[in-house]
Amino acid sequence: MNLFAEIKTLVLENLNVLVTEGVLPDGLNYANVAVEPPRDALHGDMATNAAMVLAKPAKMKPRDIADALAVKLAEDPRVLSADVAGPGFLNLRLDPALWFGIVIEALSNGTDFGRSKMGAGVKVNVEFASCNPTGPLHVGHTRGAVFGDALAGLLDFAGYDVTREYYINDGGAQVDVLARSAYERYREANGLEPEIVEDLYPGDYLIPVGEALKEKYGDSLIDQSESVWLEDLREFSTDMMMDLIRSDLAALGVTMDVFFSEKSLYGTGKIEAALDDLDAKGLIYEGVLEPPKGKLPEGWEAREQTLFKSTEHGDDVDRPVKKSDGDWTYFAPDIAYHYDKVQRGFDELIDVFGADHGGYVKRMKAAVSALSDSKVPLDIKLCQLVKLYKNGEPFKMSKRAGTFVLLRDVVDQVGPDVTRFIMLTRKNDAPLDFDLAKALEQSKDNPVFYVQYAHARVNSVLTKAGNAGIDATDTALSSSDLTLLKHPAELALTQKLAEWPRLLETAGKTHEPHRIAFYLYELASEFHALQHLGKVEPDMRFIQTDCPEQTLARLALIRAVAVAIAAGLGILGVTPAKEMR
RNA sequence: GCACCCGUAGCUCAGCUGGAUAGAGCGCUGCCCUCCGAAGGCAGAGGUCGCGCGUUCGAAUCGCGCCGGGUGCACCA
């Protein structure tokens with residue numbers, strides 16, 4: 001139940017009543033009518049802008065509409081008062097029982113608290129973490145992996161039918177480089193000196209691949225020409241790299257539903273089929289691209305190529321799908337891949353890319369738009385860079401890869417829960433500073449700790465209550481008399497709790513899981529304040545031994561807070577802590 | 001030269017798709033433990049929301065133009 005949605009429905013119903021009574025004209029558009037928490041709690045429990053939004057189309061003064069609407073709304077038993085304020089805001093004060101309903105809901109739904117049907121089972125494909133299968137995941141990939149997984153979790157919670165998908169870039173030249181690099185490690189395993197020339201991958205993670213190759217081939221490939229082994233080694237080493245990547249993802253708690261191989265698009269007619277589809281729509285032609293404006297790239301020359309008319313779908317220039325020698329460009333299999341996703345019946349597509357792929361967004365959207373006749377929206381989320389620090393100092397070195405920091409280096413140091421939460425404390429398109437030392441710090445400026453601390457504290461209080469012989473099970477708490485919660489801080493916390501279902505839907509609509517992290521921090525903050533109140537005012541302590549009814553009501557509230565935290569953390573893929581150590 | 005992202009308190013960032021007096025953490029100042037976890041809480045100081053026009057009853061939010069920072073810009077992936 002989303003209380004805000006419920007009240008909005010009430011507002012809309014009464015607007016219609018005003019229409020039938022002739023107070024308001026017919027045919028008004030209610031799209032911009034909103035019911036939200038007021039900025040200042042003094043204004044009331046909820047506010048609606050209906051009068052101001054409708055004033056102009058209805059050709060009436062906002063206050064006149066507000067007055068008429070206020071009278072109607074006040075007739076509903078749920079509404080205690082409806083006051084017009086300012087230019088035409090309508091401030092509503094609601095029956096507290098309505099708010100307490102949210103507590104009961106939390107207690108009865110557990111970690112499903114806030115689960116929404118908003119998505120209505122719409123099939124969404126979230127593709128993320130798709131890095132080249134040429135090595136382990138590094139920090140940059142980690143952010144994309146966490147973001148994608150959390151977004152998928154969020155959409156699932158919001159009622160979508162979600163598929164988590166990984167696109168294996170195993171079709172391009174980078175896989176040849178991988179095979180050659182592995183070959184050198186294979187020579188090394190056979191006691192020879194590896195020649196890791198500049199263009200090859202230097203990482204130690206290929207040493208086990210070399211050893212595995214020796215295991216399989218002995219020394220039979222030594223001194224053989226590339227044509228003999230390249231094909232086999234490509235497959236062998238990408239398989240091993242994918243195992244590595246899968247285990248990296250597992251260390252982070254990410255499980256994919258589908259691994260889609262780029263290679264499977266070649267020689268199977270799939271690329272051709274996708275381009276035929278575009279061709280049939282008149283979007284493929286042979287032509288020569290204009291040189292880019294400004295300074296020319298070195299060695300630029302006019303070339304006739306097969307082009308996709310992406311400009312018809314919002315791109316800035318048309319894009320080549322074939323090189324001048326007739327090979328596919330990297331764009332061609334990507335088109336085919338997205339064509340495949342459309343064919344598989346997804347209603348919405350989401351791609352999570354690194355920020356360095358920003359230039360790729362328009363053409364990919366153009367392709368999906370063309371392939372799906374504008375029926376399947378593609379949202380591309382770009383994840384900005386992660387800057388790693390340790391105690392304020394830039395953290396750069398990796399023992400295993402040499403040049404960059406690996407996902408493992410981070411997860412091994414701070415654990416998957418902390419890694420995930422911190423990665424979500426920024427909007428995806430904002431850069432992120434990640435301090436490995438601060439991440440483990442147990443203080444207020446570490447949001448993970450602060451939220452976990454609130455959850456653990458509730459747990460601790462409930463344990464204490466149990467030890468004191470109080471039945472603090474969820475069913476017992478559900479039947480407590482919540483109207484005993486009268487203190488402003490208790491009501492404020494209840495209302496914060498009531499925002500959860502609404503916040504979740506907003507986060508789901510905007511594809512912004514970070515909103516959950518921020519909400520949990522705010523919720524934790526309000527809880528900590530209430531808990532502290534007990535120190536200043538002893539009769540505000542949760543457990544009142546001489547008043548079991550009051551105790552139960554308070555325990556119900558804080559248990560509901562813990563439930564919301566657990567639900568939110570669950571979406572983000574973080575395990576709620578029962579105690580802090 | 002073009003495209004995309006960003007510009008909010010000294011620092012790091014939120015800001016609920018246009019609402020009321022713009023928020024949080026850190027840092028700074030001052031308070032609060034005869035303990036349900038002080039690993040915390042309360043209060044104060046601190047802002048021309050990069051700049052300028054425009055749309056609107058109403059703009060940090062939308063549009064346009066600048067300024068500043070980042071990223072990417074022909075067959076590489």
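Residue numbering restarts at 1 for every chain, and letters A, B, ... go by the order of the sequence lines.
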Syn or anti conformation of B:C11, syn meaning chi within 90° of 0: anti
What is the nucleic acid contact for A:Ser460, judged by heavy atoms within less than 4.0 Å: base, sugar-phosphate only, or nothing? base
Assess whether atom CD of A:Glu393 is packed by more than 12 heavy atoms of other residues, nucleotides or ligands within 6.0 Å. no
A:Arg502, nearest nucleotide to its side chain (from B:G41, B:C16, B:C57): B:C16
Can you tell which of B:G72, B:A77, B:C36 lies closest to the side chain of A:Asp356? B:G72
When rounded to the nearest Å, what value does the distance between P atoms of B:C62 and B:G44 take? 32 Å
Check this for me: does the side-chain of A:Arg457 come within 3.5 Å of the base of B:C36 through a donor and an acceptor? no
Answer yes or no for this row: A:Phe89 ring on B:A20 base, centroids under 5.5 Å, planes under 30°. yes
Hey, is CD on A:Glu304 packed in by over 12 heavy atoms from elsewhere, all under 6.0 Å? yes
From B:A77, B:A38, B:A74, pick the nucleotide closest to the side chain of A:Lys535? B:A38
According to the interplanar angle, ranging from 0 to 90°, do the rings of A:Tyr360 and A:His357 count as parallel (below 30°), tilted (30 to 60°) or perpendicular (above 60°)? perpendicular
Base, sugar-phosphate or nothing for A:Pro447? Non-hydrogen atoms, less than 4.0 Å. nothing
For a quick test of reading the model: is some side-chain N or O of A:His514 closer than 4.0 Å to OP1 or OP2 of B:G15? yes
In terms of side-chain heavy atoms of A:Thr510, which of B:C57, B:C36, B:U17 is nearest? B:U17
Determine the interatomic distance between C1' on B:A59 and the same-named atom on B:C2; round to the nearest Å. 29 Å
Does any N or O donor sit under 3.5 Å from an N or O acceptor when you compare the side chain of A:His528 with the base of B:G41? no
Is the phosphate of B:C36 approached by A:Gln544 (side-chain N or O, under 4.0 Å from OP1 or OP2)? no
Tell me whether the OP1 or OP2 atom of B:C4 has a side-chain N or O from A:Lys381 closer than 4.0 Å. no
Candidate nucleotides B:A14, B:C16, B:A20, ranked by approach to the side chain of A:Pro38 - the nearest: B:A20
Selected nucleotide, minimal atom distance to A:Tyr521 side chain, candidates B:G19, B:G25, B:C16: B:G25
Measuring only the P atom in each nucleotide, how far is B:C73 from B:G10? A whole number of Å is fine. 36 Å
Side-chain N or O of A:Lys427 closer than 4.0 Å to phosphate OP1/OP2 of B:C13: no
Please work out if A:Asn132 contacts a base, only the sugar-phosphate, or nothing of the nucleic acid, heavy-atom cut-off 4.0 Å. sugar-phosphate
Is there a donor and acceptor pair, one atom on the side chain of A:Arg426 and one on the base of B:A14, closer than 3.5 Å? no
Mind checking if A:Phe449 touches a base, just sugar-phosphate, or nothing, with heavy atoms under 4.0 Å? base
With a 3.5 Å limit on both atom pairs, tell me what B:A3 is paired to, counting Watson-Crick and G-U wobble, or say none. B:U71
Could you tell me if the side chain of A:Lys322 sits less than 4.5 Å from the side chain of A:Gln305, heavy atoms only? no
Can you say whether a donor on the side chain of A:Ser324 sits under 3.5 Å from an acceptor on the base of B:C75, or the other way round? yes
Can you confirm if the NZ or CZ of A:Lys309 lies within 45° of the ring axis of A:Tyr285 and under 6.0 Å from the centre of its six-membered ring? yes
Is the distance from OP1 or OP2 of B:C57 to the nearest side-chain N or O of A:Lys56 less than 4.0 Å? yes
N or O in side chain of A:Lys323 less than 4.0 angstrom from B:A74 OP1/OP2: no
Strictly below 4.0 Å: does A:Arg363 bring a side-chain N or O up to OP1 or OP2 of B:C4? no
Side chain of A:Arg541, heavy atoms from C-beta onward: which of B:G19, B:A20, B:C36 has the nearest atom to it? B:C36
A:Gln531 near the nucleic acid: base, sugar-phosphate alone, or nothing, with a heavy-atom cut-off under 4.0 Å? base
Side chain of A:Ala430 - closest among B:C26, B:C75, B:A14: B:A14
So if I take every side-chain heavy atom of A:Lys362 and compare against B:C4, B:G19, B:U71, which nucleotide ends up nearest? B:C4
Kindly assign one of parallel, tilted or perpendicular to the pair A:Phe260 and A:Tyr337, based on the angle between their ring planes and the thresholds 30° and 60°. tilted
What nucleic acid atoms does A:Glu301 come within less than 4.0 Å of, heavy atoms only: base, sugar-phosphate, or nothing? base
Distance alone, cut at 3.5 Å: any donor-acceptor contact between the side chains of A:His43 and A:Asn91? no
Does any N or O donor sit under 3.5 Å from an N or O acceptor when you compare the side chain of A:Asn91 with the base of B:A20? yes
Count the heavy atoms belonging to other residues, nucleotides or ligands that lie under 6.0 Å from CD of A:Glu235, then report whether that count exceeds 12. no
In whole Å, what separates the P atom of B:A60 from that of B:G50? 10 Å
Between B:A38, B:A3, B:C76, which one does the side chain of A:Tyr330 approach most closely? B:C76
